[in-house]
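Below, chain A is the first sequence line, B the second, and so on; all start at residue 1.
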Amino acid sequence: MLVVTWNVNSLRARLPRALEFLELHRPDVVCLQETKCAPEQFPVAELADAGYSAEHHSGGRWAGVALLARDGLSLTDPAFGLPGEPAADEARWVEASVSGLRVISTYVPNGRTLESPEFPRKLRFLEAAADRVAELKAGDATVLLSGDFNVAPADADVYDPEQFVESTHVTAEERSRLAAIGLVDAYRHLHPDTQQFTWWDYRGGNFHKGLGLRIDLALISESLVPRLAHVGIDRNFRKGQKPSDHAPLLIELRAE
DNA sequence: ATGACCGCTCTAAGCGGA
């Protein structure tokens, strides 16, 4: 089973690349972030034509998350929003059950700067995520929490840690709350010593200079770890015509 | 080189992103 997480930076602007991606990889489940759609703008028909159903949490011009499932799989018991999140209208969390997994697509707030009121709200969002995962674990769910966490888990996930001193995405406050979610970082589990990124600033030719961050993660229950076959980043979708500034992360799970 | 993006939209000499 192939699961993908991808911050598309506007699904409307990215629809050609998203459809290209679905046709190429034929993933079973896709977690999308930053869809930037009003509810009525979400491209349900275009995705259905490509062979995918969707559950989307759409908040308008910013944020927005969605889950897609290939025809033949069904997304059941969807839930929209994260209990206890600081701003419920921002559309940053969507859950559904598929193939025995509780799959979540999340877009954690950016935080802007350490002095900004957005920074403590980012920390609160991460705490609410940990609470929700604990609740799901208590209900014996197998959890696959994927998305753009806007946190680089370690200095190895940052092209130049010195440049990020006094910046968001790398602080001990953010990293400790990410760790407290209590799931396994699938990419890092299979690639303990590799430095690879999922996001590169559009500015300054950063992608071509290799200046990025690993902030898009798939966090999985311990019980899923034995099923991890491959985890990789498709950098080709950070290239070419109108790319997102994030590359998709692909997670291949063996059958049970 | 003290430069360099992109997608939104109250279409901006602006905002937000990371």
Exercise for review: Mind jotting down which residue pairs meet the salt bridge (Lys or Arg N to Asp or Glu O under 4.0 Å) criterion with at least one end in residues 142-156 of chain A? Sequence neighbours excluded, please.
Suggested key: A:Asp155-A:Arg175

Practice item. Would you mind listing every salt bridge (Lys or Arg N to Asp or Glu O under 4.0 Å) that reaches into residues 35-58 of chain A, with sequence neighbours excluded? Key: A:Glu34-A:Lys36

**Study point:** Residue that, paired with A:Ile233, satisfies side-chain contact (heavy atoms from CB on, under 4.5 Å) out of A:Leu250, A:Asp216, A:Leu249
**Key:** A:Leu249

Exercise for review: Give me the one residue out of A:Leu68, A:Val103, A:Leu101 that meets side-chain contact (heavy atoms from CB on, under 4.5 Å) with A:Val29.
Suggested key: A:Val103

Review point. Which part of the nucleic acid, if any, lies within reach of A:Asn7 when heavy atoms closer than 4.0 Å are counted: base, sugar-phosphate only, or nothing?
Key: sugar-phosphate

N or O in side chain of [X] less than 4.0 angstrom from [N] OP1/OP2:
X        : N      : answer
A:Asn150 : B:dA18 : yes
A:His246 : B:dA18 : yes
A:Asn9   : B:dG16 : no
A:Thr168 : B:dA18 : no
A:Lys36  : B:dG16 : no
A:Arg14  : B:dG7  : yes

Point to revise | Positions of residues 107-118 of chain A (non-hydrogen atom under 4.0 Å from DNA chain B), listed by number | key: A:Tyr107, A:Asn110, A:Arg112

Study note, to complete from the structure: Per the under-4.0 Å heavy-atom filter, residues of residues 151-164 of chain A near DNA chain B come out as none

Revision key, fill the gap. Residue set satisfying side chain to side chain donor-acceptor pair (under 3.5 Å) with A:Asp131, at least two apart, ordered chain then number -> none

Check your understanding: Residues two or more places apart in sequence or in another chain: which of them pass side chain to side chain donor-acceptor pair (under 3.5 Å) with A:His57?
Key -> none

Review point. Is it the case that more than 12 heavy atoms not belonging to A:Glu222 sit under 6.0 Å from its CD atom?
Key: no

Review point. With sequence neighbours left out, which residue pairs that include part of residues 204-237 of chain A fulfil the ring-ring contact (aromatic ring centres under 6.0 Å, His included) condition?
Key: A:Trp6-A:Phe237, A:Phe21-A:Phe237, A:Trp200-A:Phe207

Revision key, fill the gap. In short, ring-ring contact (aromatic ring centres under 6.0 Å, His included) pairs touching residues 164-191 of chain A with sequence neighbours left out are A:Tyr159-A:Phe164, A:Tyr187-A:His191

For atom [atom1] of [X] and atom [atom2] of [N], their distance in whole Å:
X        : N      : atom1 : atom2 : value
A:Arg203 : B:dG16 : CZ    : C1'   : 10 Å
A:His208 : B:dC5  : NE2   : C1'   : 12 Å
A:Asp245 : B:dC8  : CG    : C1'   : 13 Å
A:Trp199 : B:dC5  : CH2   : P     : 14 Å
A:Arg121 : B:dG16 : CZ    : C1'   : 14 Å

In whole Å, measure the gap between the [atom1] atoms of [N] and [M] for me.
N      : M     : atom1 : result
B:dG7  : B:dA1 : C1'   : 27 Å
B:dT2  : B:dC8 : C1'   : 28 Å
B:dA18 : B:dC6 : P     : 16 Å
B:dA13 : B:dA4 : P     : 16 Å

Review point. Does anything in residues 134-146 of chain A pair up under side-chain hydrogen bond (donor to acceptor under 3.5 Å, both in side chains), and if so which pairs, sequence neighbours excluded?
Key: A:Arg132-A:Glu135

Check your understanding: Below 4.5 Å, heavy atoms only, C-beta onward: do A:Val151 and A:Arg177 meet side chain to side chain?
Key -> no

Review point. Side-chain contact, heavy-atom cut-off 4.5 Å: A:Leu11 with A:Leu32?
Key: yes

Kindly give the atom pairs (protein nitrogen or oxygen, nucleotide nitrogen or oxygen) under 3.5 Å for nucleotides 9-14 of chain B.
none

Review point. Which atom pair, heavy atoms only, marks the closest approach of A:Ala63 to A:Ala91?
Key: CB-O, 3.8 Å

Review point. Of the non-hydrogen atoms in A:Glu95 and A:Leu67, which two are nearest, and what is the gap between them?
Key: C-CD1, 3.6 Å

Practice item. Mind checking which stems touch DNA chain B? I mean at least 3 consecutive Watson-Crick or G-U pairs, both distances under 3.5 Å. Key: B:5-8 with B:14-17

Practice item. Using the test side chain to side chain contact (heavy atoms under 4.5 Å, CB included), find all partners of A:Ser176 that sit at least two apart in sequence or belong to another chain. Key: none

Practice item. Could you work out which one of B:dA4, B:dG7, B:dA18 sits closest to the side chain of A:Asp148? Key: B:dA18

Study note, to complete from the structure: The nucleotide from B:dC6, B:dA4, B:dC8 with an atom nearest the side chain of A:Lys209 is B:dA4

